Amino acid sequence: MGWNLKDGLRDCLVAAAPYGGPIGEFCFITLLRKIVSEYSFVDDLSLCLLQWKSGVVKQLGWTVSDDLLCVQEDGTVLVYDLLGGFKRHFSMGNEVSQSQVLETKIFHSPYGTGVAILTGALRFTLATNIDDIKLRRLPEVPDLQGAPSCWAVLTQDRQSKVLVANGSHLFVLDNTACTPVTPPGLSPQASSIVHMCVSFSYKYLALLTDSGLVWMGTSNLKFVLLLFSCRCRRPKSQQPSAVVMWDGLLLVVGECKETIQYHLDDDSILVPELDGVRIISGTHHELLQEVPGACEEIFKIASMAPGALLLEAHKEYEKESQKADEYLREIKEQSLLSEAVRQCVEAAGHEHEPETQKTLLRAASFGKCFLSNFPPEQFVSMCRDLRVLNAVRDYTVGIPLSLTQFKQMTIQVLIDRLVYRKLYPLAIEVCCYLKTPEYQGVSRVLKHWACYKVAHWQKEESDEVIAKAVSVKLADAAGISYSEIATKAYESGRTELAIKLLEFEPRSGEQVPLLLKMKKSPLALSKAIESGDTDLVYTVVMYLKNELNRGDFFMMLRNQPVALSLYKQFCKHQEQDTLKDLFNQDDDHEELGNFYVKASYKEQRLEARIAHLQSAVDEYYKAKKEFSAKTTEDEMRLLRFQRKLEEEKGEQLVGFSLHDTMTTLLSVGLHKHVEQLYKDFRVPDKRFWWLRLKALAEKEDWEELEKFSKSKKSPIGYLPFVEVCIKHHNKYEARKYVSKVTLEQKVKAHLAVGDVEGAAEAAIERRNESEIGTVLSRCAATTDHLLVERLNRAKATVAKK
C-alpha cells in the first residue's frame with residue numbers, strides 16, 4: 001500500500017495500533033509548530049490533523065479502543081479519539097511530574113491499556129489500566145547511574161513486570177522486588193544488551209547485544225530458542241522468528257539460525273502483529289508475514305499438492321479442456337479431493353486480492369461438486385468472512401486485517417472499530433450480513449450513532465426536531481437505552497434535548513437518575529411515582545431531602561400525595577420528630593393526636609406519659625374526634641387510679657389495660673376496687689361477669705363464685721358457670737348450676753357433668769330430635785339399654801310429627 005507523508009518519518013514519533021489499526025505520528029517541524037497526525041491505511045487519507053499546543057510529548061500509543069495516548073514530559077497523559085476529539089487527561093503522579101518523564105512504554109495487559117514510565121530519578125512507575133488508574137512504584141534498580149540501555153514490559157500470569165537491561169545485566173521488577181536474571185545461553189560477561197522486544201502474544205522475548213548477537217527465548221527467561229550472530233541463510237517455516245532492522249537492513253532471524261535479508265529504501269518503523277510485522281515508512285505500509293502453509297502448497301512452483309491440482313483442474317475446465325478430467329482423476333485416485341477443497345478454501349482466506357480469492361473459491365466449489373458428503377460450513381463461513389474482510393480492507397475504510405487477526409479480534413471488536421471511525425452504515429451492513437444478535441449488533445451501532453449525533457448536531461436545529469429524528473431512526477431497534485443517549489446530550493450542554501429524549505425511555509429506573517443529575521427534581525419525582533416503584537420514589541425523596549431546605553422539601557411533597565404518604569411511612573419508623581412537623585404543617589390534628597398517644601407509651605415516667613396523653617386529647621378535640629378524646633381521657637383516669645393503688649397496696653399495675661387491671665385485683669381479692677372500676681368505666685355487664693367468673697375460677701374460690709352467681713340474674717346465663725367448673729375439674733360445683741341453666745342449654749349442661757339420664761329427660765321434654773341423637777351417642781348399649789329404648793321411642797314419635 002503506497003502513500004506520501006510529506007516529511008517522511010524523520011524526527012517523528014510514530015505509534016501504530018495493532019490488528020491493522022491507525023497510525024499516530026507526532027512531527028517536530030519547528031520549535032514553535034508541532035503537529036499530531038492520525039492516519040488510516042488509505043491512500044492520501046488522514047483521519048485528522050491537530051495543531052499541538054500542549055507540553056513536550058515523549059511517547060504516543062493506542063488503547064484497546066483505538067484512542068490515541070500522548071504522554072507528556074510532566075507525566076500528563078492526554079487521550080484523543082480517532083477523529084482528534086479530546087476526551088480526557090490524567091496524571092501519572094506527583095513524583096513523575098516533579099522528576100519528569102525520561103522514557104515511556106504503552107502496553108496492553110489483561111486489565112486493559114497500561115502505561116509504564118521511567119522518571120528522571122531512574123525509578124519506574126506503572127499503571128496497568130488507564131480506565132482505573134492505580135499507580136505502582138516499582139523497586140529501584142541497583143547500580144543504575146543513568147538511563148538503562150533498554151527495557152520492556154512483560155505480562156505474565158495476569159501480572160505486569162518490567163524487564164530492565166543495565167549494560168550486560170538484566171533485572172525483573174515486580175511489585176515487591178528487583179530480581180537479577182540471566183537468560184540461559186547468554187553469558188553474564190556478554191556485551192551490553194542494547195535492545196529488547198517482546199512478541200505480540202508476550203510469549204517470546206528477543207535481545208540484541210552491541211556485538212550483534214541475537215538471543216531469542218521465552219519471556220519468562222527459562223528457555224532459549226536461538227543464539228545467533230548475523231549470517232544470511234533462510235529460516236525454516238513455522239518457527240518463532242525475530243525481525244531486526246538497522247541502517248536500512250531488515251533481518252529475519254529464525255530458530256534454526258538461518259536468516260532472510262531485506263533492504264529498505266526509507267526510514268521505517270516495525271510494528272509487531274499477531275501473524276507478522278508491519279513495516280511503515282514515509283511512502284509505504286507493508287506487512288511482512290510468513291506465507292501460510294495452504295498458500296505455499298498451492299502456489300509454489302511445480303507443486304503437486306491436492307489444492308494445486310484442483311486449481312489447475314478448474315482452470316482447464318474453464319478452458320473446456322479434457323485435462324481437467326485428468327487432474328481430477330489424479331486427485332481422486334489418491335482420495336485427496338476433500339483435502340484439495342479444504343486447501344483452496346483456507347488459501348482463499350489468507351489472500352488479500354479479491355480476484356485470487358474468487359479463483360480459489362471457484363476451484364473449491366468445483367471440487368465440491370464431485371463430493372457427496374463434504375460439509376459446506378467451512379466454505380460458507382469463509383465466503384462470509386472474506387466478504388466482510390474485503391469491505392473493511394477497501395481504501396475508503398482502510399483496515400487491512402488478515403484472516404488470522406480477524407478471527408482473534410472477533411466480530412464484536414471489528415464492529416467497535418467501525419463505530420469509532422463513525423462508519424455506521426458499514427457497521428450496520430456487517431451486523432445484518434453476519435446476523436449478529438440485535439442487541440449486540442444493529443442496536444448497539446444505532447445507539448453509538450445517536451450518542452454522536454446529539455453531541456454534534458447543528459445548533460440551529462430545535463431540540464424537538466432532533467429528538468424526533470433520533471426516535472424515528474431508532475423506532476424499530478430493540479434494547480436501546482435512551483437514557484444513555486440523553487446522558488450524552490446532557491454532557492454536551494443540551495439539557496432540554498436530554499429531557500425530550502428521556503420521554504422515549506420506557507424504564508423509569510433509567511429516567512430518574514439522569515433527571516436528578518440534571519437538577520430536574522420535580523420531574524424526577526413525578527416519573528418515579530408514575531412507575532409505581534416505591535423504592536424508586538424513596539430514592540428521589542431521600543435525594544430531595546438532602547438537596548433542598550426543609551421548607552421547600554415539605555412544599556414539594558405536599559404537591560405529590562403519594563410521595564408524601566410514603567415519606568410519612570418512612571418517618572414513622574425512622575424520624576418521629578419529622579413526622580410531627582409534617583402533621584403540624586398540614587394541621588392534621590387527628591394524626592397529631594395519634595402521634596402523642598404512641599409517644600406516651602415510650603415514656604417511662606408517669607407524669608410525662610399523662611402529659612403526652614393530655615396533648616393528644618387537645619388535638620382530638622381540635623379535630624372534633626369526641627370518641628378518641630373521651631377514650632384518651634379514660635386512659636388518663638386509669639393511669640391515675642393504677643398509680644394510687646400501687647401506692648396503697650403495693651401491686652404493680654401502671655401500664656396495664658383495664659381488663660388486666662381488674663383481673664389482677666380479683667386475683668388478690670380486692671373486689672371493692674374492681675366494683676369501683678366496673679362503675680367508673682362503665683364496663684359492660686356481660687364483660688364484667690365473664691371477667692369475674694374466670695378470675696374466681698382461676699383462684700378456685702368456689703364459695704365466692706357461688707355468692708357471685710346469686711348476687712343477681714346472670715347476664716351471660718349459667719352454662720358458663722358449669723363449663724368453667726368442669727374446666728377446673730370440679731363436677732361437684734358444676735352440678736350446683738345445672739338447675740339454673742335455661743331449658744335450651746339443659747342437655748348440654750347435663751352432658752357436661754356426666755348426667756346422661758338428666759340429659760335424656762331434658763331432650764325428651766324438649767322433643768328435639770338433634771338433642772335426642774346427641775344423648776343417644778353418649779349412651780352405652782349394654783348398661784343403658786332401657787334408656788336407649790326410651791330415647792328411640794321418643795325419637796320415633798318426634799319424627800312422625
Side-chain angles (χ1 to χ4, degrees), residues 1 231-243 250-263 273 275-277 279 286-376 378-379 381-383 385-386 389-390 393 400 402-405 407:
M1 181 178 292
R231 294 179 183 177
C232 301
R233 284 187 297 168
R234 179 183 180 84
K236 296 179 181 178
S237 299
Q238 305 299 324
Q239 293 179 346
S241 301
V243 178
L250 190 72
L251 198 64
V252 182
V253 182
E255 187 177 346
C256 60
K257 301 184 180 180
E258 297 175 345
T259 63
I260 303 174
Q261 288 185 348
Y262 296 97
H263 293 279
E273 282 286 1
D275 55 347
V277 176
I279 305 169
E286 299 170 299
L287 176 66
L288 177 61
Q289 179 190 40
E290 180 181 351
V291 178
C295 296
E296 183 180 1
E297 288 292 326
I298 291 175
F299 292 111
K300 69 181 178 182
I301 298 174
S303 173
M304 296 299 291
L309 294 176
L310 181 59
L311 182 61
E312 289 299 322
H314 179 256
K315 288 179 179 178
E316 295 299 330
Y317 173 77
E318 289 185 330
K319 296 176 185 177
E320 300 182 357
S321 170
Q322 63 181 11
K323 289 184 179 180
D325 183 61
E326 296 175 5
Y327 285 127
L328 278 175
R329 287 181 182 276
E330 184 175 350
I331 300 171
K332 285 183 176 181
E333 287 173 0
Q334 303 176 48
S335 301
L336 293 175
L337 188 54
S338 295
E339 176 64 15
V341 174
R342 187 198 62 78
Q343 282 186 350
C344 288
V345 172
E346 183 180 347
H350 292 294
E351 290 295 327
H352 285 253
E353 288 296 328
E355 289 303 319
T356 307
Q357 295 169 4
K358 291 177 184 177
T359 300
L360 289 166
L361 288 174
R362 288 192 184 110
S365 179
F366 175 69
K368 281 201 311 164
C369 295
F370 300 94
L371 292 170
S372 59
N373 57 351
F374 186 82
Q378 182 185 10
F379 183 85
S381 175
M382 185 61 71
C383 291
D385 291 344
L386 284 176
L389 284 172
N390 289 337
R393 289 169 181 168
S402 67
L403 180 66
T404 305
Q405 294 168 6
K407 292 295 185 183

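The shown structure was predicted, so the numbers you read here are calculated from the model rather than taken from an experiment.
The two residues Ser381 and Lys407 come nearest to each other via the heavy atoms OG-NZ, 4.2 Å. Of all non-hydrogen atoms in Ala305 and Gln343, the two that sit nearest each other are CB-OE1, 3.9 Å. Between Leu328 and Ala313, the closest heavy-atom pair is CG-CB, 4.3 Å. Minimum heavy-atom separation, Leu389 to Ser402: CD2-O, 4.4 Å. The two residues Leu361 and Cys383 have their closest heavy-atom pair at CD1-SG, 4.1 Å. For the pair Phe374 and Ser338, the tightest heavy-atom approach, listed with the atom from each and the gap, is CE1-O, 3.9 Å.
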For this session: Please step through side-chain contact (heavy atoms from CB on, under 4.5 Å) for the pair Thr404 and His350, ending with a clear verdict.
Result: CA-CA 8 Å; Thr404 305; His350 292 294; 3.9 Å; yes
For this session: Using the side-chain contact (heavy atoms from CB on, under 4.5 Å) rule, take Glu318 and Arg362 through it: C-alpha gap first, then chi angles, then the decisive distance, then the call.
Result: CA-CA 11 Å; Glu318 289 185 330; Arg362 288 192 184 110; 4.3 Å; yes
Exercise. side-chain contact (heavy atoms from CB on, under 4.5 Å) between Phe299 and Leu360: does it pass, once the steps are laid out?
Worked result: CA-CA 11 Å; Phe299 292 111; Leu360 289 166; 4.0 Å; yes
For this session: Step by step, work out the side-chain contact (heavy atoms from CB on, under 4.5 Å) result for Met304 and Glu330.
Result: CA-CA 10 Å; Met304 296 299 291; Glu330 184 175 350; 3.2 Å; yes
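Open room surrounds NZ on Lys323; 12 or fewer heavy atoms of other groups in view lie less than 6.0 Å from it.
The distance from atom CD of Glu351 to atom CD1 of Ile298, rounded to the nearest 0.5 Å, is 8.5 Å. Here the CG-CD distance, from Asp275 to Gln289, works out to 4.5 Å after rounding to the nearest 0.5 Å. Separating the SG atom in Cys344 from the CG atom in Leu311 is a distance of 6.0 Å, to the nearest 0.5 Å. Rounded to the nearest 0.5 Å, atoms CG (Leu309) and CG (Leu337) are 10.5 Å apart. Distance check, rounded to the nearest 0.5 Å: CD of Glu296 to OG of Ser303 gives 9.0 Å. Atom CE of residue Met382 and atom CZ of residue Arg342 lie 10.0 Å apart, to the nearest 0.5 angstrom.
With respect to Arg329 and Glu326, no salt bridge is recorded, no charged nitrogen being found less than 4.0 Å from a carboxylate O.
Contact of the Val291 side chain with the Lys300 side chain is not registered, since no non-hydrogen atoms from C-beta on lie closer than 4.5 Å.
Applying the ring pair (Phe, Tyr, Trp, His ring centres under 6.0 Å) criterion to His314, with sequence neighbours excluded, gives Phe366.
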